[in-house]
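Have a look at the structure below before the remarks.
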Amino acid sequence: MQTLAEGLRLPTNGLDYAILAIYFVVVLGIGFMARASVKTSLDFFLSGRSLPAWVTGLAFVAANLGATEILGMAATGAQYGVAVVHWYWIGAIPAMVFLGLVMMPFYYRSKVRSVPEFLLQRFDKSAHLLSSVLFAFAAILIAGVNLYALSIVVEALLGWPQWVAIVVAGLFVLVYITIGGLSSAIYNEVLQFFVILAALIPLTVLGLKRVGGWDAMSDSLTKQHGGDFMTAWGGTGIGDPNPLGANWLTIILGLGFVLSFGYWTTNFAEVQRALSAKNLSAAKRTPLIAAFPKIFIVFAVMIPGLVAAVIVPKIGTPDSDLTYNDAIPLLMQELLPNGVLGIAVTGLLAAFMAGMAANVSSFNTVFTTDIWQRYVVKDKPDTYYLRFGRLITAIGVLASIGTAFIAASFSNIMSYLQTLFSFFNVPMFVVFIIGMFWKRASMKSGVWGLVAGTAAAMVNYFWIYKGGIIDIPSDQGANFVSAIVGFVAGAVVMVVVTLFTPPKPEAELAGLVYGTESPSPDEELEEADKAWYRKPALLGWGAIVLAAACYIPYSF
């Protein structure tokens with residue numbers, strides 16, 4: 001198990017602990033206030049579909065901005081350099097825009113309570129059950145990553161052993177999610193978004209000051225790692241070596257298309273926030289509003305990783321006792337005075353809770369509505385499923401405590417996350433995208449596409465890559481290839497199965513396949529679109545143009 005380096009204990013004092021205590025009191029207070037609005041299972045799992053777009057939009061980006069992203073992307077910056085921008089400007093923004101403009105109308109109009117439930121409507125029970133099981137399993141694994149990431153911070157703060165930090169932190173999140181359901185998670189995520197920024201911005205500014213500014217940092221890292229370390233695309237020709245261990249084709253197809261669209265369009269931890277919006281217009285704008293802060297967050301996670309690589313040139317190598325995951329705690333120890341240190345620690349804890357709460361709340365929804373209610377215990381009163389939802393939340397947290405120890409075996413938790421996404425999100429995406437745009441896709445093709453995509457991605461990673469059959473320079477490069485293999489395998493199997501099995505009756509495809517949407521009964525949509533800042537198309541194209549403008553200076 002990877003443990004925090006002994007020298008990274010943070011010099012916290014009473015002021016830092018006071019800031020942390022105030023934050024915990026506020027979080028629990030929000031949970032208890034949200035409890036008053038939880039009267040039905042819809043309230044618990046989807047906030048009664050009543051939240052405004054600005055709330056769901058900030059919650060959407062905060063749910064993704066977990067401790068795994070902060071520690072993991074800083075680790076990726078320290079390990080691979082400026083190439084980390086790919087995960088944001090081509091690996092997030094286009095997919096978030098696609099989700100808002102193209103896929104949210106399908107999700108919201110169908111009144112589904114989860115992403116797997118959409119597959120039930122488009123395909124059949126076998127595709128629905130398999131996708132529900134795969135998603136629930138993945139959600140627990142990813143929640144465990146967040147728990148492990150938090151344990152790094154708590155170990156640095158209090159000196160607790162990792163297993164103690166994991167258990168205590170998991171139980172705290174259990175309390176506030178169980179009390180207030182999704183509303184508690186979402187309103188806390190809005191608060192956590194601002195707390196996270198308050199932690200990252202001082203770390204970024206002081207880090208740059210410590211190493212003499214961007215130019216001095218760039219010169220130092222170029223001398224250490226070569227010129228390609230400080231560019232996004234340098235050295236990514238096919239066959240050329242580069243820090244990321246990937247070429248332009250695997251970056252564009254593996255990350256920019258398959259992994260990115262697979263994650264942002266089918267990962268219920270994020271989509272659930274949009275489904276809780278008060279109307280279709282708000283649901284469409286949720287990922288688009290989130291895209292704008294997402295464009296700039298990369299600087300606040302990339303720069304600390306680069307600074308850490310300057311301060312400790314051998315970080316993450318056998319010659320250092322620091323792993324890449326230690327980049328953020330290292331800078332907190334080196335740069336932040338007391339008070340600001342308390343805010344930074346609080347911000348990381350907030351990030352952890354946002355990420356874990358997103359996965360736990362999506363897990364309890366899928367397990368309760370898609371597995372338990374539909375296949376195990378049917379036709380019970382709504383109060384039964386509300387109680388069961390709270391119970392399965394507790395079970396999910398306990399399970400994620402166990403999976404946290406799996407994440408602890410990886411020196412870069414972002415590589416581990418990308419591996420999970422290639423196994424679980426990519427196969428689901430190929431089934432969604434073919435089912436939404438090809439009316440002929442048969443009912444049975446969905447389940448076999450999921451099986452083939454998941455199996456192919458795992459075979460490529462564990463047998464072909466880990467077995468050394470094909471030489472891929474890095475775990476990240478292997479993840480990109482696994483994603484492409486999983487997508488292609490799932491698509492080919494879906495086409496073949498469709499040729500030999502009957503399609504779903506066309507009368508049952510209305511609103512489930514592109515071009516068959518029925519007009520929205522949501523009268524508020526037209527009214528909302530009169531204001532320019534509420535026009536989804538304008539927001540979407542604006543986000544893409546802004547992301548492209550940010551990309552250009554770092555490309556070559």
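For reference, positions follow the sequence shown, starting with 1.
- Here the closest heavy-atom approach between residue A74 and residue I328 is recorded as CB-CG1, 3.6 Å.
- Between V447 and F123 there is no side-chain heavy-atom pair separated by less than 4.5 Å.
- With sequence neighbours left out, K439 forms a salt bridge (Lys or Arg N to Asp or Glu O under 4.0 Å) with E506.
- Around CZ of F137, the count of heavy atoms belonging to other residues, nucleotides or ligands within 6.0 Å does not exceed 12.
- A distance of 5.5 Å separates OG1 of T76 from CE of M73, quoted to the nearest 0.5 Å.
- A distance-only check finds a donor-acceptor pair linking the side chain of T56 to the backbone of A53 [under 3.5 Å].
- A donor-acceptor contact shorter than 3.5 Å is absent between the side chain of T368 and the backbone of T365.
- Contact check for F135 versus V115: no side-chain heavy atoms found under the 4.5 Å cut-off.
- Using modelled atom types, one side-chain atom of W89 and one backbone atom of I295 make a donor-acceptor pair closer than 3.5 Å.
- Aromatic pair F423/F462: centroids less than 6.0 angstrom apart.
- If you take CG on L255 and OG on S422, they are separated by 11.5 Å, rounding to the nearest 0.5 Å.
- The nearest pair of heavy atoms linking A92 to K294 is CB-CE, 3.9 Å.
- Across all non-hydrogen atoms, the minimal contact from A483 to L259 is CB-CG, 3.6 Å.
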- Report the C-alpha distance between I90 and S260 in whole Å, list the side-chain angles of each, state the deciding distance to 0.1 Å, and finish with yes or no for side chain to side chain contact (heavy atoms under 4.5 Å, CB included). CA-CA 8 Å; I90 67 169; S260 169; over 6 Å; no
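- The shortest non-hydrogen separation linking F229 to A78 is CZ-O, 3.6 Å.
- More than 12 heavy atoms of other shown residues, nucleotides or ligands fall within 6.0 angstrom of atom CH2 in W214.
- With hydrogens and angles ignored, the 3.5 Å screen pairs a side-chain donor or acceptor of R122 with a backbone N or O of G435.
- You'll find the ring centres of F257 and F429 inside the 6.0 Å limit.
- Looking at W438 and M494, their side chains never come closer than 4.5 Å, going by heavy atoms from C-beta outward.
- The backbone N or O of A232 sits less than 3.5 Å from a side-chain atom of H86, completing a donor-acceptor pair.
- Here Y263 pairs with N64, N267, E270 under the side chain to side chain donor-acceptor pair (under 3.5 Å) rule; sequence neighbours left out.
- Proximity of a side-chain donor or acceptor of Y465 to a complementary backbone N or O of V481 within less than 3.5 Å is not detected.
- Judged purely by atom type and a 3.5 angstrom limit, R440 uses its side chain to pair as donor or acceptor with the backbone of T498.
- Side chains of F299 and Y88 form no contact here, defined as non-hydrogen atoms less than 4.5 Å apart.
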- Message: For a side chain to side chain contact (heavy atoms under 4.5 Å, CB included) check, start with the C-alpha distance between V102 and M436, then their side-chain angles and the critical distance, and finish with the verdict.
- Response: CA-CA 10 Å; V102 178; M436 279 187 171; 5.7 Å; no
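- At a threshold of 4.5 Å between non-hydrogen side-chain atoms, the residues T286 and L99 do not count as touching.
- The CG atom of N460 sits 9.5 Å away from the CD1 atom of I484 when rounded to the nearest 0.5 Å.
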- Does the side chain to side chain contact (heavy atoms under 4.5 Å, CB included) test come out yes or no for F296 and L197, once each step is laid out? CA-CA 11 Å; F296 300 103; L197 292 185; over 6 Å; no
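- Nearest approach of L306 to G77, heavy atoms of both residues: CD2-O, 3.5 Å.
- Taking the side chain as every heavy atom from C-beta outward, W233 and I251 approach each other to under 4.5 Å.
- In this structure, CE on M428 lies 10.0 Å from OG1 on T265, to the nearest 0.5 angstrom.
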- Would N479 and F421 satisfy side chain to side chain contact (heavy atoms under 4.5 Å, CB included), going step by step from the backbone distance to the final call? CA-CA 9 Å; N479 291 333; F421 295 154; over 6 Å; no
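- Shown here are the side chain to side chain donor-acceptor pair (under 3.5 Å) partners of K504, two or more places apart in sequence or in another chain: there are none.
- Considering only heavy atoms from C-beta on, P287 stays 4.5 Å or farther from V97 through its side chain.
- Aromatic rings of F480 and W248 (six-membered ring for Trp) have centroids beyond the 6.0 Å cut-off, not under it.
- Taking CD1 of I392 as the start and CZ of F367 as the end, the distance is 4.0 Å to the nearest 0.5 Å.
- Atom CZ in F261 sits 10.0 Å away from atom CZ in F487 (nearest 0.5 Å).
- With a 4.5 Å cut-off on side-chain heavy atoms, T250 and N247 count as touching.
- In terms of heavy-atom proximity, S126 sits nearest to K444 at OG-NZ, 4.1 Å.
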